Amino acid sequence: MLLAQDRHAADPAWGLDDIRGHGTQLAGLALFGDLTLNLQSTMPVTISHRLESVKLLPDGGVNPHHLLGVVTRRAIDTVEQTERRRTFTLAVTTDEDTPHDGAPTSWSTEIDQLASGVSGAQPQARLIPVSAGNSDNNKFSAAPYLGVCDHPDNELESPAQAWNAISVGAYTEKTMLPAGAALTIVAPFGDLSPSSRTASWSSTWPLKPDIVLEGGNWAADTIPPPMRHGWLSLLTTHHSYPQRSFSFTFDTSAATAIAAKQITELWSDYPLLWPETIRALYVASARWTPQMRSHLPAQPTKGSYARLFQRYGYGVPDLERAHRSASNALSLIVQDVIIPYGISEKGGDVHKEMRLFTLPWPVEELRKLGNASVTLRVALSSFIAPNPAEASRGSRYRYASHNLRFKLNRAGENAQQFMARISKAAEPIGPQVDEDDLWVFGSDRRDVGSLHIDQLTCKASDLARRNILAIHPVAGWWKSKKLLQEAEPEVRFALIVEIDTQGVEAELYAEVEATVDILNAAQAIII
């Protein structure tokens, strides 16, 4: 039972009890994780966070569609009467906005406003994991299930396309059925859960989900449709306790609750990090499973990754990777601010500031590695303030308050040459030419939304010379002469830079720790 002061409702007229059981199921996952694993172990369960609940759905009827954003804002305002760090978990979606083709809706726009802190009674940034929505099992037949999951009719539901949200889809590792069951599993180990919706739209809008977590599997009989099965589900708490202790749960709601648990644990360990930073650190830790990567061709191009992003986002997060800074891996975190736009002396609007970082690379250690391959992974996170006007939803540059990009100098490119190249990229028109073919995902994938992640693999000796990283603005609706005459808004951003020597022994940490003070005008943290 939650304490009375930790139970809330978006509408004071609603009761506080969990009538349907969905909230209690997710609360159990958010607190304990999948109890299937815990009950099979004798190890103690450590809990570093607490739960609160706020009812978003009435016990009878539904919320009017046009008020979904308002109800969500009321729910957050109700909870935030007490000051705490919170992860707001939203495992409710709507099909009334479908099809949206990735464009913002009134509900997703409100989620973007709440996450950025421009909406809500408290002007503060917020972490908001949102479920991707669930597939209709009646649409599945004996044909390969991924064809249904990838179909535009199965697009991710609103508000999970919100730029600032952590959108959570589902994959599964649950493939065991009871002996003698005349059933077959639908999804193979490590692939997309059949319940998970996907993105089917172009690169105009952010591809979602951001990550996937365990959401259970389905079992198929000789006659469709496939069905959920207890052995292929997650085990959690039941709302009728003590009459019943446990309940099965599944789908993207379950995956979102697991994400909330992991995000909150990460934030508990690093309480000084901003929500923007936690989002970048968590999502950047994700990787595709071998089964997911099996869908790539033998020699993938940048375009080959589009389907993987549409299904799995960046893959399955790894908390250990998000935490680590071992002898063969290094992560740098920068939290900084930038004024993206200003007014020139001639009276026109301009891109005002750029952040240029001379990274404290472990040059000597990288040179020692010579031709050995190392991987650089960069994540840039900033919460945009959306332009809620209907006419602005057709363009990402008119919807977002600002858009930031990162660039890395090439081997042998000095700071002056580097800055000249960046200036040419400040006004994007159409697809951009990639700065270097060594980037795996490329600008078409990287330069959408408010979270940008890419990686490259090169010789260690070349990476030693690629130590200048720039954060620069491109167009956004804040770049308006009328707006800038009133103020020049300041924007927070988080930058995560990770070097991985892929198992080659190297003492990267010690050299960087000795030189980290050269990060100018920024707060740098080594984890």
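Values below: all heavy atoms of this structure, side chains included; hydrogens, waters and symmetry mates excluded. All values derive from a computational prediction rather than experimental measurement.
Between D210 and K208 there is a salt bridge, since a side-chain N of the basic residue sits under 4.0 Å from a carboxylate O of the acidic one. Under a 4.0 Å N-O distance rule, the pair D251/R228 qualifies as a salt bridge. A salt bridge links R7 with D17: at least one charged nitrogen is closer than 4.0 Å to a carboxylate oxygen. Checked for salt-bridge contact, D95 and R197 miss the test: no charged N lies under 4.0 Å from a carboxylate O. Ion pairing between a basic and an acidic side chain is recognised when a charged N comes within 4.0 Å of a carboxylate O; D6 and R50 show such pairing. Ion pairing between a basic and an acidic side chain is recognised when a charged N comes within 4.0 Å of a carboxylate O; R287 and D318 show no such pairing. Comment: R74 does not engage D11 in a salt bridge, judged by the lack of any side-chain N to carboxylate O separation of less than 4.0 angstrom.
P129 approaches I263 most closely through the heavy-atom pair CG-CD1, 3.8 Å. In this structure, S285 and R321 approach most closely via the heavy-atom pair O-NH1, 2.7 Å. Here the shortest heavy-atom pairing between P225 and N137 reads CB-O, 3.1 Å. Taking all atoms of both residues into account, the shortest heavy-atom contact from A280 to I496 is CB-CG1, 3.7 Å. When every heavy atom of L31 is checked against every heavy atom of K261, the shortest pair comes out as O-CE, 3.6 Å.
Taking the six-membered ring where tryptophan is involved, the planes of H295 and Y312 are essentially parallel, since the angle between them stays under 30° and well short of 60°.
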Point to revise | Worked verdict on T36 versus D34 for side chain to side chain donor-acceptor pair (under 3.5 Å) | key: CA-CA 5 Å; T36 305; D34 185 359; 2.9 Å; yes
Point to revise | Q310/D150 under side chain to side chain contact (heavy atoms under 4.5 Å, CB included): CA gap, chis, key distance, verdict | key: CA-CA 8 Å; Q310 290 170 329; D150 292 339; over 6 Å; no
Exercise for review: Please assess Y145 against F140 for the test ring-ring contact (aromatic ring centres under 6.0 Å, His included), listing each intermediate value before the final yes or no.
Suggested key: CA-CA 7 Å; Y145 81 105; F140 289 76; 7.0 Å; no
Review point. Between I211 and L213, does a side chain to side chain contact (heavy atoms under 4.5 Å, CB included) hold up when you go through it step by step?
Key: CA-CA 7 Å; I211 50 101; L213 285 162; 4.0 Å; yes
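In this structure, the side chains of S131 and V168 stay at 4.5 Å or more apart for every pair of heavy atoms. A 4.5 Å side-chain heavy-atom check between H22 and L57 finds every atom pair outside the cut-off. With a 4.5 Å cut-off on side-chain heavy atoms, L26 and T89 do not count as touching. Side chains of Y341 and S401 form no contact here, defined as non-hydrogen atoms less than 4.5 Å apart. L266 is listed as a side-chain neighbour of L319, based on a closest heavy-atom distance under 4.5 Å. In this structure the side chain of Y241 never reaches within 4.5 angstrom of the side chain of T24, judged on heavy atoms. Residues F493 and D336 have side chains in contact (heavy-atom distance under 4.5 Å, counting atoms from C-beta outward). Side-chain atoms of Y397 and K479, non-hydrogen and from C-beta on, never get closer than 4.5 Å to each other.
Judged as a salt bridge (Lys or Arg N to Asp or Glu O under 4.0 Å), and not counting sequence neighbours, the contacts of D59 are K55. Qualifying ring pair (Phe, Tyr, Trp, His ring centres under 6.0 Å) partners for H100, counting only residues two or more places apart in sequence or in other chains: W201. Remark: D77 engages no residue in a salt bridge (Lys or Arg N to Asp or Glu O under 4.0 Å) (not counting sequence neighbours). Remark: D97 engages H65, S158 in a side-chain hydrogen bond (donor to acceptor under 3.5 Å, both in side chains) (not counting sequence neighbours). Partners of W163 by ring pair (Phe, Tyr, Trp, His ring centres under 6.0 Å), not counting sequence neighbours, listed by chain and number: Y399. Every residue two or more places apart in sequence or in another chain was checked for a ring pair (Phe, Tyr, Trp, His ring centres under 6.0 Å) with H8, and none qualifies.
Annotation: Q5, atom CD; neighbour count of heavy atoms from other residues, nucleotides and ligands within 6.0 Å is above 12. The environment of CD in E320 is sparse: at most 12 heavy-atom neighbours from other residues, nucleotides or ligands sit within 6.0 Å.
Centroid-to-centroid, the aromatic rings of F248 and W231 stay 6.0 Å apart or farther. Residues Y314 and F309 bring their aromatic ring centres within 6.0 Å. Ring centroid separation for the pair Y270 and H323 comes in under the 6.0 Å cut-off. You'll find the ring centres of W288 and Y305 inside the 6.0 Å limit.
S450 and R279 are linked by a side-chain donor-acceptor pair at a separation below 3.5 angstrom, with hydrogens and angles left out of the test. Side-chain contact of T172 with E214: a donor-acceptor pair under 3.5 Å is present, judged by distance alone. Donor-acceptor pairing under 3.5 Å is lacking for the side chains of S195 and N134. Side-chain contact annotation: E110 with Q113, donor-acceptor N/O pair under 3.5 Å present.
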